[in-house]
Amino acid sequence: MTVRKNQANLTATEKKRFVDALLELKRSGRYDTFVTTHNAFIMSDTDNGERVGHRSPSFLPWHRRFLIQFERALQSVDASVALPYWDWAADRTVASSLWADDFLGGTGRSRDGQVMTGPFASAAGSWPVTVRVDGRDYLRRDLGASGRQLPTRAEVDSVLAMSTYDTAPWNSASNGFRNHVEGWRGVNLHNRVHVWVGGQMATGVSPNDPVFWLHHAYIDKLWADWQARHPNSPYLPATGTTDVVALRDTMRPWNDVTPADMLDHTPHYTYDTAA
Ligand SMILES: [Cu+2]
């Protein structure tokens, strides 16, 4: 059974096996297919057109399915691996063990943002950035640049308190839990974390940085936490809405999975906490 753990509680062995599985997916070319898929959706999801992966109600079920697929790929390399999650409201500084040399490595150097430490540093030779939007082929970060702050626990709790899943017009202008957790409106949780990390994480090719998966695993957990807090609040919209994935509509690119299929995460994985 897959148990997703807080990254802060991983053992040295768990970190090494996770990193080694990432490096093997990268070496085999499978990793980059995930980067390509994510960027294609970032580029095509629009507020007034068809929208599936982002700025829409299906942001949460789409990323849940995307992470399950990625986690299965990791497990095809090492069956003991599960995606860890990063609670950025708790581990909120560059001194977090998340950014140590034995895990994801640290921030980029000032000259060009290049990550110089850890297994994903360009000089280590195992992490070429091939799916990219400019000429730079090295992983970049700018953790907490310009005094930016990660969301606080109080801000997370204010979003978890919202009882309505999503509202018309079902995009970046919406009220409700989904758009507040995604971050286009209000205190801004998910989007702000991408910006705080900087580098590729602040672009459409954000899965080039392995922290993408830990960030989204925590966003996914917040959805589960919200469901536990609001057991009578359904996914919305319930039925046919132009350009928007309703509860029982299939989602691209898989075309065999609906938001309804993704509401319960427990057939796929559980968490290390009761929530
Ligand atoms: Cu994201």
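Remember, it's 1-based here, ligands and their atoms both numbered in the order they're listed.
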Between Phe34 and His38, does the ring centre distance come in under 6.0 Å?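 Ring centres of His38 and Phe34 not closer than 6.0 Å.
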
Is the distance between the ring centroids of His216 and His194 under 6.0 Å? yes

Indicate yes or no: does Lys16 engage Asp20 in a salt bridge with an N to O separation below 4.0 Å.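 Looking at Lys16 and Asp20, the cut-off is met.
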
Under 2.8 Å from the Cu ion (ligand 1), is there any N, O or S atom belonging to [X]?
| X | answer |
| --- | --- |
| His190 | yes |
| His194 | yes |
| His215 | no |

For the pair Phe70 and Tyr31, name the ring-plane relationship: parallel under 30°, tilted 30 to 60°, perpendicular over 60°. perpendicular

